[in-house]
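Numbering of ligands and ligand atoms starts at 1, following listing order. Atoms considered below: every heavy atom in the structure, side chains included; atoms not considered: hydrogens, waters and symmetry mates.
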Amino acid sequence: MNAQALLTQLYDTPETDILEQIKQLKAELGDQVLILGHHYQREEVFAFADVSGDSLKLSQQAAETSAPYIIFCGVHFMAETADILTSDDQTVILPDLAAGCSMADMADDEQVTRCWQQLSEIINPDECVTPVTYINSTAALKSFCGEHGGIVCTSGNAQKVLEWSWGNREKILFFPDQHLGENTAMAMGVPDSDMIIWDPALPMGGNHADAIEKARLILWKGFCSVHQLFKPEHTDTMRRNHADIEILAHPECSRAVCETADFVGSTEMIIKRVSEAETGQAFAIGTELNLVNRLRIQFPDKPIWFLSPMVCMCSTMFRTDPQHLCAALTSIRDSRNGHQTINNQITVPQQQKRWARLALERMLHLA
Ligand code: CIZ
């Protein structure tokens, strides 16, 4: 049966049966398959993850596993990262190919190469700029960083990566998320006067030559469409309505929001902060809704609110549903039985893999 026909059939099957099929397929395939689940995944899928975590933890896991098949319940850049870090005889599968990341799409290879060329009209970027890409980026950009002496970062290690980068060269070009770069630099005490924004739609990113010469941090104008929905007013409302509430914000939120928060950190750091708090401590959390809902269930003794009154759910993370996970497992089983080829395999071209792996390995060594 082809992939589309299988999915159509699965959507006509009651969800309880699908969950049972996933359980059986997992048992049948055993250690041939490793399921990685990002914190932002919906509960029904997250429950089947062999390992769950943020992209840093999951990429470390991908680098270490010897399982021949890895199903990445996450988005496209995460599966690409897993393919870069695994060996050529391991197969990485993204259950729904439409699970992308709008932020990752805000910087492409052509735009970053153009930026590098424009910078070279003023400075010598290969001598004085470390390119740093957030892990939420395409393999092509990770490859760009590897080739130009740069590195990858996640929200869990951005400060370490910036320290490493400034240790090597005097300037950093940080893409695609302005906010992670800006919030991390602020926390490190970097003054505003050392940062400029690079708008890829404008010549020279919208900057004068003297500003580029002076800048230590060049921030790409990109953002997460979920985290940008949190506003400082949401913090004000929470503080007005709940005494002693702690506001936790993800560093992809705007600087204005992070400045109102008690704590800014990655998903792993947010989970740790909540788990280590005293019973009764209340929190309002500014990050993806699936994670906040999971924390509510895990810590019923700690009142937890979602920071925004609106629903801010990552629609692309939400795409991976039990039907797609079941189809991915079925495709592995059938291909092992010689009945069909694997569906939705993610394969990064070899010429990108080499440099992208170097940029990722630089990061993993720091961790
Ligand atoms: O690093 C990640 O996985 C992302 C996208 C966010 C976080 O803080 O975990």
Side-chain angles (χ1 to χ4, degrees), residues 36-42 45-46 49 51-63 72-82 84-85 94 99-107 132-139 141-142 151-162 174-184 187 222-230 248-254 257-258 261 263-275 283 285-295 307 312-320 359-360 363-364 366-367:
L36 301 177
H38 192 271
H39 289 311
Y40 293 161
Q41 290 293 291
R42 60 168 89 189
V45 168
F46 191 82
V51 183
S52 59
D54 63 357
S55 353
L56 177 59
K57 182 170 163 193
L58 297 178
S59 50
Q60 282 163 329
Q61 195 64 41
F72 211 127
C73 297
V75 292
H76 195 268
F77 74 81
M78 297 180 185
E80 277 191 337
T81 304
I84 293 163
L85 291 172
L94 183 67
C101 167
S102 59
M103 180 210 286
D105 295 337
M106 286 180 193
V132 177
T133 188
Y134 190 17
I135 198 159
N136 299 37
S137 58
T138 59
L141 291 192
K142 293 182 178 82
I151 186 165
V152 178
C153 79
T154 72
S155 44
N157 61 16
Q159 178 159 343
K160 256 191 206 163
V161 168
L162 293 197
F174 190 95
F175 42 84
D177 185 26
Q178 173 191 332
H179 303 297
L180 176 63
E182 185 172 352
N183 289 320
T184 308
F223 57 86
C224 164
S225 44
V226 171
H227 288 93
Q228 66 145 1
L229 295 173
F230 298 106
L248 312 184
H250 192 277
E252 288 175 23
C253 294
S254 70
V257 169
C258 290
F263 177 82
V264 178
S266 66
T267 54
E268 288 285 331
M269 293 172 186
I270 288 173
I271 294 166
K272 185 162 184 278
R273 181 86 173 188
V274 173
S275 67
F283 293 98
I285 307 180
T287 193
E288 209 274 342
L289 186 59
N290 279 316
L291 173 58
V292 179
N293 282 340
R294 190 170 309 119
L295 287 171
L307 181 57
C312 309
M313 188 169 262
C314 178
S315 57
T316 51
M317 280 281 182
F318 197 66
R319 291 197 70 98
T320 309
L360 281 161
M363 172 187 83
L364 293 172
L366 289 183

Q: Step by step, work out the side-chain hydrogen bond (donor to acceptor under 3.5 Å, both in side chains) result for S225 and S102.
A: CA-CA 7 Å; S225 44; S102 59; 3.1 Å; yes

Q: Number the atoms of ligand 1 from 1 as they appear, then name those within less than 4.0 Å of a heavy atom of S155, with their elements.
A: 1 (O), 6 (C), 7 (C), 8 (O), 9 (O)

Q) Which of the atoms of ligand 1 are close to Y40, meaning less than 4.0 Å from one of its heavy atoms? A) 6 (C)

Q | Test item: Q178 and F223 side chains (from C-beta on) under 4.5 Å apart, heavy atoms | A | no

Q) Can you list the residues that meet the side chain to side chain contact (heavy atoms under 4.5 Å, CB included) rule with V161, with sequence neighbours excluded? A) V132, I151, C153, N157, S165, L366

Q. Identify the closest protein heavy atom to atom 3 (O) of ligand 1: which residue and atom is it, and at what distance?
A. S55 OG, 2.4 Å

(Q) To check your reading of the model: name the closest protein heavy atom to atom 9 (O) of ligand 1, its residue, and the distance in Å. (A) T267 OG1, 2.5 Å

Q. Does a side-chain heavy-atom distance below 4.5 Å link F174 with L180?
A. yes

Q. Which bit of H250 is near ligand 1, meaning a heavy atom under 4.0 Å away: side chain, backbone, both or neither?
A. side chain

Q) Closest non-hydrogen protein atom to atom 4 (C) of ligand 1, residue and atom name please, with distance? A) H38 NE2, 3.7 Å

(Q) By the definition side chain to side chain donor-acceptor pair (under 3.5 Å), identify the one residue from E268, R294, E288 that meets it with H39. (A) E268

Q: Decide yes or no for P176 and Y134: does some side-chain heavy atom of the first lie under 4.5 Å from some side-chain heavy atom of the second?
A: yes

Q. What atoms in ligand 1 come closer than 4.0 Å to a heavy atom of S266?
A. 8 (O)

Q. Given that the side chain starts at C-beta and the backbone is N, CA, C, O, which of these parts of N136 lies under 4.0 Å from ligand 1, counting heavy atoms, or is it both or neither?
A. side chain

Q) Taking N or O atoms only and a 3.5 Å limit, does E268 qualify as a polar contact for ligand 1? A) no

Q.
As a test of understanding, state which of L307, T267, L291, L248 forms a side-chain contact (heavy atoms from CB on, under 4.5 Å) with I285.
A. L248

